[in-house]
A.B. asks: 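Quick one: the structure is below, questions incoming.
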Amino acid sequence: NADTAMYHAKEQGRNNCQFYSSGLNAAAAERLDLENELRRALEREEFVVFYQPKLNIHSRTILGAEALVRWKHPKRGLVPPGVFLNAAIDTGLIRSMDEWVLREACRQVKAWETAGLPAISISANVSNSLFHGRTLPATVADALRDSGLNPSQLELELTESIAMRDVEASVTMLEGLRTMGVRLSIDDFGTGYSSLSYLQRFPLSRLKIDQSFVRDLLTNENNVKITRAIIAMAHSLNLSVLAEGVETEGQLARLREEGCDEVQGYLFSRPVCAEDFEKLLRGDADARTAA
Ligand code: C2E
Ligand code: MG
Ligand code: MG
Ligand code: MG
């Protein structure tokens with residue numbers, strides 16, 4: 001049996017290494033296993049997309065969802081991205097994984113719409129590898145064409161560091177995506193190094209304030225000041241602002257006072273599987289009809 005053979009080969013490899021390097025630690029071996037498993041996970045389609053609602057801060061209606069990858073591991077169960085993202089980046093598998101998530105999320109949101117549920121927007125996280133790999137525009141065009149989703153319903157979440165490498169090339173690519181009708185946002189805003197000049201040059205629609213600023217918004221006056229400054233700057237650049245990681249009514253009230261536009265967090269829902277998100281969406285639609 002192939003699996004057994006592979007298992008023995010791996011075991012043997014490990015022993016060989018230990019033969020001349022008894023110091024080879026378990027962590028390195030585990031990491032190698034993880035990378036090999038990730039490769040197979042892609043082929044076996046073990047990844048699933050979870051969805052977390054994004055809401056209007058005033059009406060609390062669902063505007064959209066963020067697609068967040070999970071690994072449905074045959075033995076370990078549902079594995080969060082924090083466990084395997086670094087390995088996915090190191091092996092280069094992150095690009096294929098991101099592309100799969102993007103396509104699957106577009107397909108799912110269009111399917112909900114076709115089934116009569118509200119047409120929501122969907123955002124997907126774009127790794128720096130995918131962004132700098134130059135295949136992003138073609139991948140996005142394919143995902144939109146194959147799903148039939150309206151481009152304005154798709155948002156790409158980029159990190160602050162994307163432009164650190166090549167600003168001109170980045171601006172050109174972002175303008176191309178914007179011309180297709182896709183929305184662009186900066187994720188985890190405030191944790192990286194953003195230059196105000198490139199924020200202005202990028203055709204962005206939204207900034208997502210990192211959850212670290214929201215976490216102790218009620219106890220740390222500095223975080224309030226930073227949040228206020230981000231919101232003011234974003235609005236002056238005509239960008240909307242979403243706060244991530246909202247867990248309490250107190251945080252929500254404070255963010256509303258500060259003029260934040262949208263929210264996402266456990267207060268409303270954790271990221272959930274497609275089936276459960278569909279229920280959320282149905283409930284939200286019913287509430288709107290009743291109002
Ligand atoms: P992110 O894009 O900033 O996503 C938000 C993360 O915060 C998610 O963690 C979400 O579950 C978590 N979160 C949401 N609301 C709350 C809250 O109220 N409290 C707390 N404590 N956490 C909250 P998750 O799903 O574990 O993802 C972690 C990170 O992994 C993401 O951060 C993103 O950077 C990355 N990631 C997830 N899916 C993908 C993907 O498909 N591709 C790429 N390249 N990265 C992904
Ligand atoms: Mg994100
Ligand atoms: Mg984020
Ligand atoms: Mg984050």
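Both ligands and their constituent atoms are indexed starting at 1 by order of listing. Keep in mind the model is a prediction, meaning the values are calculated, not measured. Values below: all heavy atoms of this structure, side chains included; hydrogens, waters and symmetry mates excluded.
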A.B. asks: Less than 4.5 Å apart, side chain to side chain, heavy atoms only: is that true for Phe202 and Val171?
C.D. replies: yes
A.B. asks: Nearest non-hydrogen atom to atom 18 (O) of ligand 1 belongs to which of Phe268, Tyr266, Phe84?
C.D. replies: Tyr266
A.B. asks: Could you go through the salt bridge (charged side-chain N to carboxylate O under 4.0 Å, His left out) check for Arg44 and Glu37 one step at a time?
C.D. replies: CA-CA 10 Å; Arg44 295 178 187 175; Glu37 273 195 277; over 6 Å; no
A.B. asks: Under 2.8 Å from the Mg ion (ligand 3), is there an N/O/S atom belonging to Asp210?
C.D. replies: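 Checking the Mg ion (ligand 3) against Asp210, no N, O or S atom falls under 2.8 Å.
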A.B. asks: By number and element, which atoms of ligand 1 are closer than 4.0 Å to a non-hydrogen atom of Asp98?
C.D. replies: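 Under 4.0 Å from Asp98, ligand 1 has these atoms: 40 (C), 41 (O), 42 (N), 43 (C), 44 (N).
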A.B. asks: At under 4.0 Å between heavy atoms, which part of Asp188 makes contact with ligand 1: side chain, backbone, both or neither?
C.D. replies: side chain
A.B. asks: What part of Asn125, side chain from CB on, backbone N/CA/C/O, both or neither, has a heavy atom under 4.0 Å from ligand 1?
C.D. replies: both
A.B. asks: Answer whether the closest heavy-atom distance between the side chains of Leu237 and Leu204 falls below 4.5 Å.
C.D. replies: no
A.B. asks: For ligand 1, is any non-hydrogen atom under 4.0 Å from Leu267's backbone (N, CA, C, O), its side chain (CB onward), both, or neither?
C.D. replies: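 For Leu267, no heavy atom sits under 4.0 Å from ligand 1.
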A.B. asks: Any side-chain heavy atom of Glu66 within less than 4.5 Å of one from Asn125?
C.D. replies: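 The answer is yes, as the side chains (C-beta and beyond) meet within the 4.5 Å cut-off.
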A.B. asks: If you take all heavy atoms of Glu160 and Ile186, which pair is closest and at what distance?
C.D. replies: CG-CG2, 3.6 Å
A.B. asks: In Asp188, the N, O or S atom nearest to the Mg ion (ligand 3) is which?
C.D. replies: OD1
A.B. asks: Counting heavy atoms only, which part of Ser127 comes closer than 4.0 Å to ligand 1: side chain, backbone, both or neither?
C.D. replies: both
A.B. asks: Is ligand 1 under 4.0 Å from a heavy atom in the side chain of Lys208, in the backbone, in both, or in neither?
C.D. replies: neither
A.B. asks: For Phe84 and Val79, work out which heavy atoms get closest and say how close.
C.D. replies: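 It is CE2-O, 3.4 Å.
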A.B. asks: I'd like to check which ligand 1 atoms, numbered from 1 as shown, lie under 4.0 Å from a non-hydrogen atom of Pro271.
C.D. replies: 11 (O)
A.B. asks: Can you tell me if, anywhere in Asn125, an N/O/S atom lies at a distance from the Mg ion (ligand 2) that is smaller than 2.8 Å?
C.D. replies: yes
A.B. asks: Tell me, which N, O or S atom in Asp187 is closest to the Mg ion (ligand 3)?
C.D. replies: OD1
A.B. asks: So does Glu244 pair up with Arg206, basic N to acidic O under 4.0 Å?
C.D. replies: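 Here Glu244 does not pair with Arg206 in a salt bridge, since their nearest N and O are not under 4.0 Å apart.
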A.B. asks: For Glu66, state whether at least one heavy atom is located under 4.0 Å from any atom of ligand 1.
C.D. replies: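 Glu66 counts as a contact of ligand 1 under the 4.0 Å cut-off.
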A.B. asks: Counting from 1, what ligand 1 atoms have a heavy atom of Glu247 closer than 4.0 Å?
C.D. replies: 17 (C), 18 (O), 19 (N), 20 (C), 21 (N)
A.B. asks: So which N/O/S atom does Glu66 have closest to the Mg ion (ligand 2)?
C.D. replies: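 When I compare the N, O and S atoms of Glu66, OE2 is nearest to the Mg ion (ligand 2).
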A.B. asks: Using a 4.0 Å heavy-atom cut-off, which part of Val69 comes near ligand 1: side chain, backbone, both, or neither?
C.D. replies: both
A.B. asks: Using a strict 4.0 Å threshold on nitrogen-to-oxygen distance, state whether Arg95 and Asp98 make a salt bridge.
C.D. replies: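 Not counted as a salt bridge, because no side-chain N and carboxylate O are separated by less than 4.0 Å.
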A.B. asks: May I ask you to establish whether Arg270 and Tyr266 are in a cation-pi arrangement, using a distance under 6.0 Å from NZ or CZ to the six-membered ring centre and at most 45° from the ring axis?
C.D. replies: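 Yes, Arg270 sits over the ring of Tyr266.
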A.B. asks: What is the minimum heavy-atom distance between Arg215 and Gln251, and which atoms define it?
C.D. replies: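 In terms of heavy atoms, the two residues are closest at O-NE2, 3.1 Å.
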A.B. asks: Using only N, O or S atoms, tell me which atom of Glu157 is closest to the Mg ion (ligand 2).
C.D. replies: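 That would be atom OE1.
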A.B. asks: Does Arg40 pair with Glu43 as a salt bridge, N-O distance under 4.0 Å?
C.D. replies: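 No salt bridge links Arg40 with Glu43.
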A.B. asks: Taking Lys54 first and then Glu262, would you say they form a salt bridge - that is, a charged N and a carboxylate O separated by under 4.0 Å?
C.D. replies: no
A.B. asks: Given Arg270, Glu244, Gln264, Gln52, which one has a non-hydrogen atom that is nearest to atom 15 (N) of ligand 1?
C.D. replies: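 Comparing heavy atoms across Arg270, Glu244, Gln264, Gln52, the nearest one to atom 15 (N) of ligand 1 lies in Gln52.
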A.B. asks: Counting from 1, what ligand 1 atoms have a heavy atom of Asp187 closer than 4.0 Å?
C.D. replies: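 The atoms of ligand 1 under 4.0 Å from a heavy atom of Asp187 are 1 (P), 2 (O), 3 (O).
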